[in-house]
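Okay, structure first, notes after.
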There are 2 protein chains.
Amino acid sequence: MSLATDAADKPTLYKRIRADIEKRILTGEWPPGHRIPFEHELVARYGCSRMTVNKALSELAQADLIERRRRAGSFVRRPQHLSAVLKIADIRAEITALGRAYGYELIGRKLRTATAADRDRLGVKKAGKVVAIACRHSADNVPFAVEDRLIDLSSVPDAATADFSREPPGSWLLHHVPWTEAEHTISAIVADDRAAEALDIAVGAPCLVIDRYTWRSARTITAVRLLYPGDSHRLVARFKGG
Amino acid sequence: MSLATDAADKPTLYKRIRADIEKRILTGEWPPGHRIPFEHELVARYGCSRMTVNKALSELAQADLIERRRRAGSFVRRPQHLSAVLKIADIRAEITALGRAYGYELIGRKLRTATAADRDRLGVKKAGKVVAIACRHSADNVPFAVEDRLIDLSSVPDAATADFSREPPGSWLLHHVPWTEAEHTISAIVADDRAAEALDIAVGAPCLVIDRYTWRSARTITAVRLLYPGDSHRLVARFKGG
DNA sequence: TTGACTTATATGTCTAGACATATAATCGTG
DNA sequence: CACGATTATATGTCTAGACATATAAGTCAA
């Protein structure tokens, strides 16, 4: 019987507070920039202790839905563009799932102290050790993608001794290192001599480029550039919306 | 004077507890499946109250780094698969959000009975009416993307009379038609004569292509192809792991 | 052996306080 | 008016308890 507002079942109080606020943000009732009620106001409204509303607000802040500023209050954060779920699986899994034979070839692997370019690419300031890896993935013996990767050893010490001659670094990392944030940048280029040779395509042919950066908290794990032949490969994202 | 482990500066206690645990997980000292110390053990180790370690563990759980089970304890989670939220905003909103001047130009608009090619593109069998739209988006008066769109009028009758000379069809649809499913296909091509002229780039220059199909229930709403200059435009997707 | 019941226990939620800290607003002074 | 010092206040962190709840593990009967 849904007679009352929504105290029907019985989620815990802080979850209800969180859900209430979340709903108002998502429906646009509280637009970006809107100041949500102060903790003491919510305490009064829900008749609970401050720690309870604090927990609700802290979780909303952790989820980037709101921003909290001392002395000023808590505010609805800006973004909320049209968002979609894009699944970019581990390449080995992707090819295997397509029912094609996966091939992997390690082209090069170097362990070095981070150069200025490496630090710039990883977005770190201190010069620690890194592993640079170049490799090629193929499907049914046809080049599928070339990979150029940098792994920060201060974040992933085990990568120094991992055997990447048989297991692709992407798969290895996925199974050994949890990540909290990542960023993909997708762009297009035309193949230069080196790319053309590695992918067995013509110089000047279009290539799809995916630059992926992965972090654990604020710490960089790895930066990878994947080059796909653009006319044969397609990145498909299917998702549900609202 | 970094003599101790890392109590040098002074993050709050619960953050230090969280960081300590996180580090052990990252280094592999506590592999997936490992049971981390019970709250009361951490309370003893850090000499604090249970709420403090609870906050640290709760955040690690919210970040999916650990899994907490009543009566059993807290366990290191297996690293998650790579599935991500890709944000592809409405182009007008995207450019505006960048703080650049949005420009829009309708190149052509045709209302016609669906041709075989149209039906194929929309994935429909019956020959209904469609609107074909070609337009160009610019940022600070520089071509940003060209759009080639087909709208199924049997799904969106209002589109027949909508004024697309001022409002881009993407924004119009986003605000008038709810969608339930969409699919993006991203690929790379080199510019042909027509694309080169529209985007003001050289013939043979790389272009990023996004083909987007949108449905409501099983009904096609629209199919659109967006062409971006590949060397200047980047599609950025930032997301949280899970 | 299997299933049902009981118990012990780790986490989940909550309270009513406390002090710390960053900072928006205000006040004073040059 | 400009600028530095002061103050008020909202959030940040923490405590020492409490009771709730799910469930692993043990117990006992069929």
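Model, not experiment: these values are computed from the prediction. Numbers restart at 1 for each chain; the letters A, B, ... are given by sequence-line order, proteins then strands.
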Can a side chain N or O of [X] be found less than 4.0 Å away from OP1 or OP2 on [N]?
X       : N      : answer
A:Lys55 : C:dG12 : no
B:Lys15 : D:dG12 : no
B:Thr12 : D:dT13 : yes
B:Thr52 : D:dT15 : yes
A:Ser74 : D:dT11 : yes

Could you pick out which residue, A:Met51 or B:Ser58, lies toward the 5' side of DNA chain C when each is mapped onto its nearest nucleotide?
->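 By nearest-heavy-atom nucleotide position, the 5'-most residue is B:Ser58.
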
Is the base of [N] touched by the side chain of [X] through a donor-acceptor pair closer than 3.5 angstrom?
X       : N      : result
B:Arg70 : D:dA22 : no
B:Arg68 : C:dT11 : no
A:Arg69 : D:dG12 : no
A:Arg50 : D:dG12 : yes
A:Arg71 : C:dA24 : yes

5' precedence on DNA chain D between A:Gly73 and A:Asn54 (nearest-nucleotide basis) =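 Result of the comparison: A:Gly73.
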
Report, as yes or no, whether the 6.0 Å neighbourhood of atom CG on A:Asp163 holds more than 12 heavy atoms from other residues, nucleotides or ligands.
->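 Buried by this count: over 12 neighbours within 6.0 Å.
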
Relative to each other, are the rings of B:His137 and B:Tyr104 parallel, tilted or perpendicular (30° and 60° limits)?
->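 Geometry flag for B:Tyr104 against B:His137: tilted rings.
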
Output yes when A:Arg136 and A:Glu105 qualify as a salt bridge under the 4.0 Å nitrogen-oxygen rule, no when they do not.
->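 Yes.
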
Salt-bridge criterion met for A:Arg92 and A:Glu167 (N-O under 4.0 Å) =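 Looking at A:Glu167 together with A:Arg92, the answer is yes, because their closest N to O distance falls below 4.0 Å.
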
Rounded distance in Å - [atom1] ([X]) to [atom2] ([N]):
X       : N      : atom1 : atom2 : value
B:Glu39 : C:dC14 : CD    : C1'   : 14 Å
A:Glu67 : D:dT11 : CD    : C1'   : 13 Å
A:Leu13 : D:dA18 : CG    : P     : 21 Å
B:Tyr14 : C:dA20 : OH    : C1'   : 14 Å
A:Phe75 : D:dA10 : CZ    : P     : 11 Å
B:Leu57 : D:dC14 : CG    : P     : 13 Å
B:Glu41 : C:dT11 : CD    : C1'   : 14 Å

Going by distance alone, is a donor N or O of one side chain under 3.5 Å from an acceptor N or O of the other, for A:Asp118 and A:Thr115?
->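 Their side chains do contain a donor-acceptor pair, which is all the 3.5 Å distance test asks for.
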
Would you mind telling me which of D:dA24, D:dA10, D:dT13 lies closest to the side-chain atoms of A:Phe38?
->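 Shortest atom-to-atom distance from the side chain points to D:dA10.
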
